[in-house]
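For reference, the structure is listed below as structure tokens.
Just so it is clear, the values below take in all heavy atoms, side chains as well, and ignore hydrogens, waters and symmetry mates. First the proteins, then the strands, lettered A, B, ... as listed; each starts at 1.
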There are 2 protein chains.
Amino acid sequence: MQTLRRPKVRDQVAYQIQQYIVAQKLGSGDRLPTESKLAETFGISRLSLREATKALEFLGIVESKAGVGLTVGRIDMGRITEHLSFHSDLLDADPQQLIDSRVILETGVLPHVARRMKADSSIEQQLRTLVDRFRSARDLKTWIALDIEFHRTLLEASGLKPLVAFGELLHVFFQRFRESVKKAEWKDGVESHQRIVDSLSAGDVAAATAELRKHIEFHQERI
Amino acid sequence: MQTLRRPKVRDQVAYQIQQYIVAQKLGSGDRLPTESKLAETFGISRLSLREATKALEFLGIVESKAGVGLTVGRIDMGRITEHLSFHSDLLDADPQQLIDSRVILETGVLPHVARRMKADSSIEQQLRTLVDRFRSARDLKTWIALDIEFHRTLLEASGLKPLVAFGELLHVFFQRFRESVKKAEWKDGVESHQRIVDSLSAGDVAAATAELRKHIEFHQERI
DNA sequence: GGCAATCTGATTATCAGATAATCTATCCTC
DNA sequence: GAGGATAGATTATCTGATAATCAGATTGCC
């Protein structure tokens, strides 16, 4: 026998509000109806509606200001990941799968990156600046921050926004590996980043792919 | 002058609940104090506390069941990608980016799929069954459903759960292309799927990759 | 004794109604 | 016209209550 659970009101409502935003093609800052209005529309109490909107607000999907009303918010991954990063279940995600996923994602964008680098020199400039800052960094925290930024910049350089968003998500789950990397090993990381940029700028996508794969799979030892 | 906003009660409370979970070293399924207890502890009304817990529940950080109480939730990537669908980068993503992202994602998993197919014959069986059903289908709705299932099965066959979750998200945004595909063109799709499975089962990853790329990029004409 | 149905207490789910805080826009004064 | 006071709308938060749900104890039957 299956335990069927009565679907919760607020989840349905939250879903409907999202649908409403999409259907009305609302963008950041656009107004939504008032709480009372929405509650009446959905046929629920204002309180239940509130629980739904508060959850959405927590995610940044809507914003709510006293005296103004509800507006569509600007969701950012940072806000979500901030609340997730502490959760112990993140430690249960299969590390090998995370590594394989990242390899596929990041090596996959390299052809796109190489192509765009030829057309826009500022991309190479940006990556090289990051490598330099990496080289002169001295503490773990800075290294980690720069490593994340390097890989995000790489994804951004592909121009494929969906993959950038997904990449940010993977990074959250990857956090714990980075924290266990030792000082001497970060030095290798610098050189690795350097070689990736060099290969890309030379147009040698295959070499960049091999180096990047090695760079990410390096974390396997830490499993 | 900066507009300083009074920090909202529920945000503080949400934060404190998270701190509590960490401090008590609670894991998935562990019990939290009751709503009344927590409200009293934090010195707020039960309602305000509820808004905080509902928001956390929405994220999957806590679970709440009537008659039981609050427990620490079980987080999974799927739940998060659901909310990712509102990420502005995805909402405004242009079609070409969606296509490129899908190509990277799906061709990227093929080596993994081929490897696992050798070890587990049920994977090939499952894919072939889908192709057959595809062949005997006669209406647009069925075709679309089967196409989605085929590609999802392909991703699942890689065993990389994070990518499966992300793939499903991309499919939502791909919907509009599929609906504009004509009847005659679906026939090509069947053969395309057939060739992909054949190549994979023969261990020819390169051929499968080329075919899959062609299959997805076919949608470019529809932009 | 073993087992199933029932009851009970605890807890969340949802509601209604009220007051406070906050913001926008208008109106009034000079 | 500029600037401040005021009113109206809206969210923020609270109190108190009822319904729904569930786990475990109790009861009754065989």
note = Between Gly67(A) and Ser36(B), the residue closer to the 5' end of DNA chain C by nearest nucleotide is Ser36(B)

task = Could you check Val68(A) against Ser45(A) and say which one's nearest nucleotide on DNA chain C is further toward the 5' end?
result = Ser45(A)

task = Taking only the side-chain heavy atoms of Ala66(A) (C-beta and beyond), determine which of dT24(C), dT11(D), dA13(C) contains the nearest atom.
result = dT11(D)

ask   = Looking at dT11(D), dT12(C), dC15(C), which one has an atom nearest to any side-chain atom of Arg46(B)?
value = dT12(C)

Can you tell me how far [atom2] of [N] sits from [atom1] of [X], to the nearest Å?
{"X": "Leu47(A)", "N": "dG16(D)", "atom1": "CG", "atom2": "C1'", "result": "13 Å"}
{"X": "Leu70(B)", "N": "dC22(D)", "atom1": "CG", "atom2": "P", "result": "15 Å"}
{"X": "Arg31(B)", "N": "dC22(D)", "atom1": "CZ", "atom2": "P", "result": "14 Å"}
{"X": "Leu38(B)", "N": "dT12(C)", "atom1": "CG", "atom2": "C1'", "result": "13 Å"}
{"X": "Glu51(A)", "N": "dC15(C)", "atom1": "CD", "atom2": "C1'", "result": "11 Å"}
{"X": "Lys54(B)", "N": "dT11(C)", "atom1": "NZ", "atom2": "C1'", "result": "11 Å"}
{"X": "Leu49(B)", "N": "dA12(D)", "atom1": "CG", "atom2": "C1'", "result": "15 Å"}
{"X": "Glu57(B)", "N": "dT14(C)", "atom1": "CD", "atom2": "C1'", "result": "14 Å"}

With a 4.0 Å limit, can you tell me whether [X] has a side-chain N or O closer than that to the phosphate oxygens OP1/OP2 of [N]?
{"X": "Arg50(B)", "N": "dT12(C)", "result": "no"}
{"X": "Thr34(A)", "N": "dA9(D)", "result": "no"}
{"X": "Lys65(A)", "N": "dT24(C)", "result": "no"}
{"X": "Ser48(B)", "N": "dA12(D)", "result": "no"}

Taking [X] for the side chain and [Y] for the main chain, is one N or O donor matched with an acceptor at less than 3.5 Å?
{"X": "Asp120(A)", "Y": "Met117(A)", "result": "no"}
{"X": "Ser48(A)", "Y": "Ile44(A)", "result": "no"}
{"X": "Gln97(A)", "Y": "Lys161(B)", "result": "yes"}

message = Checking Thr129(B) against Asp132(B): is there a side-chain donor and acceptor pair closer than 3.5 Å?
response = no

ask   = Where does the angle between the aromatic ring planes of Phe166(B) and Phe166(A) fall among parallel (under 30°), tilted (30 to 60°) and perpendicular (over 60°)?
value = parallel

